[in-house]
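Ligands are counted one by one from 1 in listed order, and the atoms in each one are counted from 1 as well.
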Amino acid sequence: MRIDSIKNGIVLDHIKAGKSMEIYEVLGLSKLDCSVAIIKNVPSKKMGKKDILKIADKFDIDLDVLGYIDPDITVCIIEDGKIVEKRQLELPEKIVNVVKCKNPRCITSVEQEIDHVFKLADREKRIYRCQYCEAKQPKY
Ligand code: ZN
């Protein structure tokens, strides 16, 4: 399957091999009515192997969430079978309600209504910490 085999939509390229299902889940792609193609273990010069996700719709992707999971993913916007835009992701400064704090003593574990907020603590090492208890969030 080639990238231009979808007419309008979004292609997520350079996904680390084996991560596509996780991204499918996190972005809520199972809720979409349009066709979504998951292509696994595509040979890649740069990465050895990679996964690709193709979404045949102009779906509003949460770029923060995607950047958090893997800032190396390339987001290609397809219109009329052509790539009209490529977006580079970056690690967001803050993520809200994407992951939950694992610390059982954290206030977010006790109070159900509180937002789960993680802040970028180390861009180099891609470490996030809970805003409330400073617990480290294990990377995806
Ligand atoms: Zn916490």
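- The Zn ion (ligand 1) has no N, O or S atom of H116 closer than 2.8 Å.
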Atom pairs and distances, donor-acceptor, side-chain atoms in residues 23-36, under 3.5 Å, two or more places apart:
none

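- Listed for the N8 side chain is no donor-acceptor partner under 3.5 Å among the backbone atoms of D57.
- Put simply, the side chain of D13 never gets that close to the backbone of I52: no donor and acceptor are under 3.5 Å apart.
- A distance-only check finds a donor-acceptor pair linking the side chain of D70 to the backbone of D72 [under 3.5 Å].
- Around the Zn ion (ligand 1), the angle linking C133 (SG) with C130 (SG) is 110°, rounded to 10 degrees.
- Taking the Zn ion (ligand 1) as the corner point, the angle from C106 atom SG to C101 atom SG is about 110° (rounded to 10 degrees).
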